[in-house]
Amino acid sequence: MTQTDKDVIIIGGGPAGLAAAVKLHELGVRDILILEREHALGGILRQCIHDGFGLTRFSQTLTGPEYAQRFIDAAAEQGIAYMLDTTVLRMSAAHAVTAASRKGLHRFNARAIILAMGCRERTRGALSIPGARPTGIYTAGVAQSYINLQNTMVGKNAVILGSGDIGMIMARRLTLEGARVSAVFELQPYPSGLPRNVEQCLYDYDIPLYLRHTVTNILGDARLQAVEVSEVGEDLRPLPGTQRLYPCDTLILSVGLIPENELALDAGVLLDAHTGGAVVDESYQTTVPGIFAAGNVLHVHDLVDFVSLEAERMAEAVKRYLAGEQAKPAIAVSAGRDVAYALPQHISGARDALLTFRPRRPLRDATLRVLQDGQAILTKRFPRMLPAQMEQALLPAAALKSHNPVEVVIGDA
Amino acid sequence: MLKLYTCILCPNGCEIRAEVGEDGQPAAIAGHRCPRGEAYVRQEICAPLRNIASSVLVEGGELPLCSVRLTSPIPKARIFDMMRLIHAARVPAPVELGQVLIPNALGLGCDVIATRNVGEG
């Protein structure tokens, strides 16, 4: 087993890890190492060949691989060290990281650790869909990997459950590749992906989107033959008597993403029940000193641009930590009325904090309020808010009245 | 006639309302947060354009496919013609990001370009 000391170990070489590494290097932190379990850097962007990335970060629209390559090139130019085909097995609160590659076991001691492991997809098992267990059922990301990276078509006649962005993007991709996509079914009364994807991925190709519907049975022997779909009621439970059969050989699931945090739990990092990611302060520092998190491992983003920007802000905080700044989490931040979650979960009050949040339901003419001591210390108006769309608001340190907890609430017109 | 559009140019997905005259020309457009939204709706009313992304088969590469996109959007009605062209194409490795794989595709004035590097296998 090799043993190495590093200033910063970055777990994951996707968009969050790469942006953090490049930024750290720019800030003068040079003794860094990215550990990546795949055979290439770039993370999930490698298979996201559609365009629409980069408008916020680079002011132009790029495909996923092009977006990733910008950071890969920047990291190469800076000479940032990385190890591919290397899986982190364990991480401790004392910053010891154990990783395995074909060369054997590696042990690292880091002054700081950055969690950038991204997220994974919810599967059929998590939904408990009853029925047979035939082939032909894929999560959207797996189907995307088959089609875009491995040149393997997944089926000819597909039905999609869940209107997450990847599901809708796969509806378009399958259609372009010659498959028939007969419908997208969404449990909620609103799409869970962005409106632009409903437009350009579904409506452009005449693919119907059925809200308040779910798959209630799966039929087939060796291969999927049909799915049974039911309407759901207000309580999101299937309504008896509404079943309809949809013949198909492929079912694509786009039913949610889960931050990949098993390693974080190992090190005793406290997780937020709503985000599935770490509880952090405004410096993206977790409850374990010196362990930071950004990107989809912290909370699931709808846009990679915001992953990069978050990782870059985190890198600045890591630099301050290495220079000796101590975290003083003093003020608890909670998600109140109509707020699904708010980050960070606590703030020091010493510096401005960028609040990131999502509404619980679609709202129009909504007003975000940050309350402390019964008073609104920050107010921001939004013409429209959607659960699919992450929102942000800057809370200046000067706005804080005390060290009492703050609550983030949304009210509509 | 009042028509509703969702702008697809950026993640904001502005809901844009357009009053379309009897001549099929847009009269009043509202709801866009930037000028690109207005231009998008004008184009959408007259002749909708879309960019597409797909993959081209690579011969002798480290990967079987190279992802591609168009350098400019094409008429919506030509998307499947473009897909047939992209399907039929074969390129030898190595391929470099930005390399033109099909120049002036379908004579529409746009190129099909590689969006990633694919080394020799």
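Residue numbers begin at 1 in each chain, while the letters A, B, ... track the order of the sequences. Predicted model only: the values in this text are computed from it and were never measured.
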Just wondering, are more than 12 heavy atoms of other shown residues or ligands nearer than 6.0 Å to CD in A/Q60? yes
Examine whether an atom of A/Q69 lies under 4.5 Å from a heavy atom of chain B, and if so say whether it belongs to the side chain, the backbone or both; otherwise answer neither. side chain
Dump the intermediate steps for side-chain contact (heavy atoms from CB on, under 4.5 Å) on B/R69 and A/E66, then the final yes or no. CA-CA 10 Å; B/R69 69 172 166 89; A/E66 290 172 299; 2.9 Å; yes
Applying a strict 4.5 Å limit to non-hydrogen atoms, the region of A/Q200 in contact with chain B is both
When you check the gap from the basic side-chain N to the acidic O, do B/E44 and B/R50 get nearer than 4.0 Å? yes
Check the orientation of A/Y67 and A/F53. Use parallel for under 30°, tilted for 30 to 60°, and perpendicular for over 60°. tilted
What pair of heavy atoms forms the shortest contact from B/A114 to B/V68, and how long is it? CA-CG1, 4.2 Å
Structural part of B/C66 lying under 4.5 Å from a heavy atom of chain A: neither
Less than 4.5 Å to any heavy atom of chain B: does that hold for the side chain of A/L176, its backbone, both, or neither? both
So which of A/D204, A/N197, A/T63, A/L303 has the biggest tally of heavy-atom pairs under 4.5 Å with chain B? A/D204
Look at A/E38 together with A/R46 and state whether they make a salt bridge at an N to O cut-off of under 4.0 Å. yes
If we count only N and O atoms by modelled type, under 3.5 Å, do the side chains of A/H39 and B/E62 hold a donor and an acceptor together? no
Flag the one option from B/N12, B/N51, B/L57, B/L65 with the top tally of heavy-atom pairs under 4.5 Å to chain A. B/L65
Part of A/Q150 lying under 4.5 Å from any heavy atom of chain B: backbone
Chain A contacts, top residue of B/N117, B/I79, B/T115 (heavy-atom pairs, under 4.5 Å): B/T115
Ranking B/G13, B/C10, B/S67 by heavy-atom pairs under 4.5 Å to chain A gives rank one to B/C10
So that I can tick it off, tell me whether B/R42 and B/E38 are bridged by a salt bridge, with the cut-off set at under 4.0 angstrom between side-chain N and carboxylate O. yes
If I compare all heavy atoms of A/Y138 with all of A/V154, which pair ends up nearest, and what's the gap? OH-O, 3.1 Å
With only heavy atoms counted, which part of A/T175 is less than 4.5 Å from chain B, the side chain, the backbone, both or neither? both
With a 4.5 angstrom heavy-atom cut-off, could you sort out which part of A/R384 is near chain B: side chain, backbone, both or neither? side chain
Contact class of A/F306 relative to chain B, heavy atoms under 4.5 angstrom: neither
Does any backbone or side-chain atom of B/L9 lie under 4.5 Å from a heavy atom of chain A? Answer side chain, backbone, both or neither. backbone
Given B/C7, B/S55, B/P11, the one with more heavy-atom pairs under 4.5 angstrom with chain A than any other is B/P11
Which bit of A/I147 comes within less than 4.5 Å of chain B, counting heavy atoms only: side chain, backbone, both or neither? backbone
What closest approach, in Å, do B/Q25 and B/C46 show between heavy atoms, and which atom pair accounts for it? OE1-SG, 4.4 Å
